[in-house]
Each structure stands twice: as structure tokens, then as C-alpha cells.
*Asks:* 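Below is one structure. I have some questions about it.
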2 protein chains.
Amino acid sequence: MVKRRLTAQERYAQVVKVAMRLFSQKGFKGTTTRTIAQQAGISEAIIFKHFAKKEDLYSAIIDMQCNDRQGQSILMKRLENKKGREIFKEIASFLIQKHRDDPTFMKLLMFSALEGHKLSNIFMKTRGMETLDFLAKYINNLIKNGRFKKMEARLAARAFLGMVLYYSITQEVYGMKKFFRTPVKRVVDTFVDIFFEGMKRRRG
Amino acid sequence: MVKRRLTAQERYAQVVKVAMRLFSQKGFKGTTTRTIAQQAGISEAIIFKHFAKKEDLYSAIIDMQCNDRQGQSILMKRLENKKGREIFKEIASFLIQKHRDDPTFMKLLMFSALEGHKLSNIFMKTRGMETLDFLAKYINNLIKNGRFKKMEARLAARAFLGMVLYYSITQEVYGMKKFFRTPVKRVVDTFVDIFFEGMKRRRG
DNA sequence: ATATATAGTAAGCGTTCACTAACTATGATG
DNA sequence: CATCATAGTTAGTGAACGCTTACTATATAT
């Protein structure tokens, strides 16, 4: 088994991947370039051939994550044949499962926001807002056709995303999954039921 | 203006306070003992007279925060004359306002969870669970007297806290307050309305 | 086969980190 | 006023940090 020499692009991508994992586990300050090099199986100098400064690794991660529409398109496919309550169920279970299977990006985003890097800013302004607006738009439709009561749609969207994403944060980051092992389906059903019933327009 | 020499206890408390502020701004790894000393107006060596290791500052913060029942008792006083929907409104506005006025502890807790310190673990196991159980118990009462539908109370409590706390996180940590300036009252009314109506038992 | 571009390494640079030893200044007490 | 416990300082320590320099190994093109 001989290690093939990687091309610049391959190595670049690998280092970004390793850095992302480590930043999400230990934070930017908590991750050393030495460790990144070790985990990537190369010498430190190689990292600095590709990235002038350690900080530049963060920019590369931003590019990668902001351009990666894979997760979004998977979700959109899953939403195609759904409507009403099922839309919210699909979104909730998608998010909870995604973060349960791999909390890397969620943690990275939290670290980024706390450490004041641009990643969280850029991501929130683009992808975060997209998600919020998508939900708000959908909620607005339900308001217009009278199934939901009049309501500030974006605020309602934040309420829904709050239930779901704070659940993921407490489970995966705050370690609640050691104490609460409720099946995803029940969690989703409960959250969506509360939200959907709470949003319903009622006569009288 | 001559600086009085502080007693050991006074200095101890001051250093903990400064450390807490800095840890919440820059994280544990991102805060140097030099900076703590500077901000406290003393030399580094003094810190190590009180705390054998930098890590011990974290333990001191845990003690301080876990024993501080001030916020909780203020909230309990405010809840005394309230019932029904007003309880949830009071809790929501208390949490949102508290974190808006001073997000220090929220950020500290997030950093602690991400950096894997004991603070978040201990706090969640004690105070976090207390809050959750308080809410769950209250929700259970409303279920028993038939105003709320049958429901896993703890999960419902997490849904409500999720709306509220994720709102605070996005506002204060993810920088959403630059874009969303909705008055607290409207946010609280919206969230509580969704939750309370969503939880209501309905005939038929 | 040889030249050339480049992936990769070894070794160490100056700086900053957590932490310490050896000392000095202050203030309360007799 | 002298004593003495202790709050506080100065000036470092070795180790670890981000980053660089000067070099070697390997794949590819002619």
C-alpha cells in the first residue's frame, strides 16, 4: 500500500475537510495547524502552500458550504409531493435527522458565530434567510387561503425553526441525547402538531 | 484617586467576573490569562495565586452561576399572581429580555458546550432540567384539568423553550438583531399564541 | 532518458502561551 | 513604631503556537 501523491486540488479539498471537522470539534482557536497536518497525513508546510494563513481555511469552508446545495435539493425533492402539515413534518425530520447524523456543520456554525468569524454571518445572510423566507412564504400562502390565521409569517417561521433547531442543539451539543431518547417521529409529530394547530384559523 | 488594595475574596470575585465576561466573548481557548490580568488591572501572577490553573477559573464560574438563584427568584415572584397564558408570556419575555440585556451567560454556556467543559453539563443537568421540569409540570396540570390535549409534557416544554431560546440565540449570537427589530411584546405574544392554541384540547 | 514543474518534507524561526520563583509594598495589629 | 501576614509585582520558564526557508521526491511531457 503506497500513498499516491495527491494533486493540488485533491489535497486542498482534503485539508478543508479535515479542518472543518476539527474546527467543529475544537473551534478555530482550539485547533492547531499541526493537528490539521497530522490528521491529513502531511507536514504543516503543505497547509501553508495552499492557505497563506490559518484564517484562510475558514474562507474556504465558507465557499464550500455556501455553494453546497446538495442537502437543500434533497429536501426540495422530498417536499415535491407533499402539502399542508406534511411539508412541516418533512422539514422538521430532515433537519433533526441531518444534525443527528452529522452535527459537524451545526457546531461549526455555532463556533463561528461565537468566535466572530465571517462564516456564520455569510451563511445566515444567505442560506439561513433562504430557509426562513421559504418557510415564511409557505406560511403566507396558508394565511392567504384562510387555513392559517393572520400572523407575521417570518416570526411564525422562526417559532417553528426554533422548536426544531433548538431541539437539535440541546440533543447534540448540550448532550441531552444522553437523557432523552424520544424517537424522531414522535418529536416531529409533536412539534408539527403544536405548530400547525396553533397556526390554524378558527371560526368564532 | 488611589487604588485600594483588595482583599483576597474581593479580588477572587473580580477575577471570576472578568474571566466570565472574556470567556463568553472569546471562549476559553481564545482568552489568555494575560488579557484577564490586564482587564482586572493586576499582574498575571495574582490570578495564579487564586487559581492554580486557568481551567480552575471555569469551576469557579460554575459554582457562581449554579448557586445564583437571583434570576430564578425574580421570575418566580413575577409568576406568583399569573396563570394560564400569562405564565408562558412571563417566562418568554423574561428569557428574551434577560438574554437581550446581557447575553454573557448564554454565550458562555454555548462556548462551554462546544469546547467540552463541565460548565454546560452541570448547568444543564441542574438548572436546565429544573426549568424544563417546572414547565413540564405546569403543562401537565393543564393537561390534567383538560385545557391542554394529551401530550408528552417535557417534549411540549422543549418546543416552547425552543421557540424562545432559539430566538434569543439567533438575535444575540447569530446577529439577527441587525435585521429583525420586532418589539419583544409582539414576539412573545406570537410565540405564546402559537404554543397555547396549539396545545389546547378541542372537542369533536 | 532527461528536464521541469510541483507535491511534499525537515527543521526551525520569532512570538505567545500557561504558569512559577523570588521578591516588594501595604495595611492591620500589638 | 515595629511586626508580620499577605496583596501584589518583576522577570522570567519551557512548551506550543502560526508560519517560513531551504530543501527533496515524484509525476509528467518531450
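This one's a predicted model, so the numbers in the text were calculated from it and none came from an experiment. The figures that follow rest on heavy atoms only: side chains count, while hydrogens, waters and symmetry mates do not. Here is how names work: the chains are called A, B, and so on, in the same order as the sequence lines, proteins then strands, and each is numbered from 1.
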*Asks:* In chain order, what residues pass the side-chain contact (heavy atoms from CB on, under 4.5 Å) check against B:Lys137, with sequence neighbours excluded?
*Replies:*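 Once residues adjacent in sequence are excluded, B:Lys137 has no partner under the side-chain contact (heavy atoms from CB on, under 4.5 Å) criterion.
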*Asks:* Give every residue pair that meets the salt bridge (charged side-chain N to carboxylate O under 4.0 Å, His left out) criterion with at least one member in residues 51-70 of chain A, sequence neighbours excluded.
*Replies:*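 Residue pairs passing salt bridge (charged side-chain N to carboxylate O under 4.0 Å, His left out), neighbours aside: A:Arg69-A:Glu130.
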*Asks:* For B:Thr170, is there any backbone N or O sitting under 3.5 Å from a side-chain donor or acceptor partner on A:Arg158?
*Replies:*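 Between the backbone of B:Thr170 and the side chain of A:Arg158 there is no qualifying donor-acceptor contact (under 3.5 Å).
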*Asks:* Taking only residues two or more places apart in sequence or in another chain, which ones pass side-chain contact (heavy atoms from CB on, under 4.5 Å) with B:Asn145?
*Replies:*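 B:Asn145 satisfies side-chain contact (heavy atoms from CB on, under 4.5 Å) with B:Leu142, B:Arg147 once adjacent residues are dropped.
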*Asks:* Going 5' to 3' on DNA chain D, which nucleotide is the first and which the last to come under 4.0 Å of a heavy atom in chain B?
*Replies:*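 Counting from the 5' end, contacts occupy D:dT6 to D:dT10.
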*Asks:* Can you tell me which residue pairs pass the salt bridge (charged side-chain N to carboxylate O under 4.0 Å, His left out) test with a partner in residues 174-194 of chain B, sequence neighbours excluded?
*Replies:*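 Non-adjacent pairs meeting salt bridge (charged side-chain N to carboxylate O under 4.0 Å, His left out): A:Lys149-B:Asp193, A:Glu152-B:Arg186, B:Arg85-B:Asp193, B:Lys89-B:Asp189, B:Glu172-B:Lys177, B:Lys185-B:Asp189.
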*Asks:* Which residues, if any, of residues 22-34 of chain B bring a heavy atom under 4.0 Å of DNA chain C?
*Replies:*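 Heavy-atom cutoff 4.0 Å gives B:Thr31, B:Thr32, B:Thr33, B:Arg34.
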*Asks:* Return each pair, listed once, that meets ring-ring contact (aromatic ring centres under 6.0 Å, His included) where at least one residue sits in residues 82-108 of chain B; pairs must be two or more places apart or across chains.
*Replies:*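 Sorted result for residues 82-108 of chain B: B:Phe88-B:Tyr138, B:Phe88-B:Phe160, B:Phe88-B:Phe195, B:Phe88-B:Phe196, B:Phe105-B:Phe123.
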*Asks:* How does each nucleotide of nucleotides 6-11 of chain C score, in 5' to 3' order, for protein heavy atoms under 4.0 Å: base (B), sugar-phosphate only (S), or none (-)?
*Replies:* BBBBB-
*Asks:* For residues 22-32 of chain B, pull every pair meeting salt bridge (charged side-chain N to carboxylate O under 4.0 Å, His left out), keeping only residues two or more places apart or in separate chains.
*Replies:*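 Every pair satisfying salt bridge (charged side-chain N to carboxylate O under 4.0 Å, His left out) with a residue in residues 22-32 of chain B: there are none.
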*Asks:* Donor-acceptor pairs are to be reported for all side-chain atoms of residues 44-52 of chain B against protein atoms at under 3.5 Å, with residues two or more places apart or in another chain.
*Replies:*
{"from": "B:Glu44", "atom 1": "OE1", "to": "B:Arg34", "atom 2": "NH1", "distance (Å)": "3.4"}
{"from": "B:Glu44", "atom 1": "OE2", "to": "B:Thr33", "atom 2": "OG1", "distance (Å)": "2.6"}

*Asks:* Can you sort out the partners of A:Phe28 under ring pair (Phe, Tyr, Trp, His ring centres under 6.0 Å), two or more places apart, ordered by chain and number?
*Replies:*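 A:Phe23, A:Tyr58, A:His117.
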*Asks:* Could you list all the salt bridge (charged side-chain N to carboxylate O under 4.0 Å, His left out) pairs where at least one residue sits in residues 100-113 of chain B, not counting sequence neighbours?
*Replies:*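 Salt bridge (charged side-chain N to carboxylate O under 4.0 Å, His left out) check on residues 100-113 of chain B returns no pairs.
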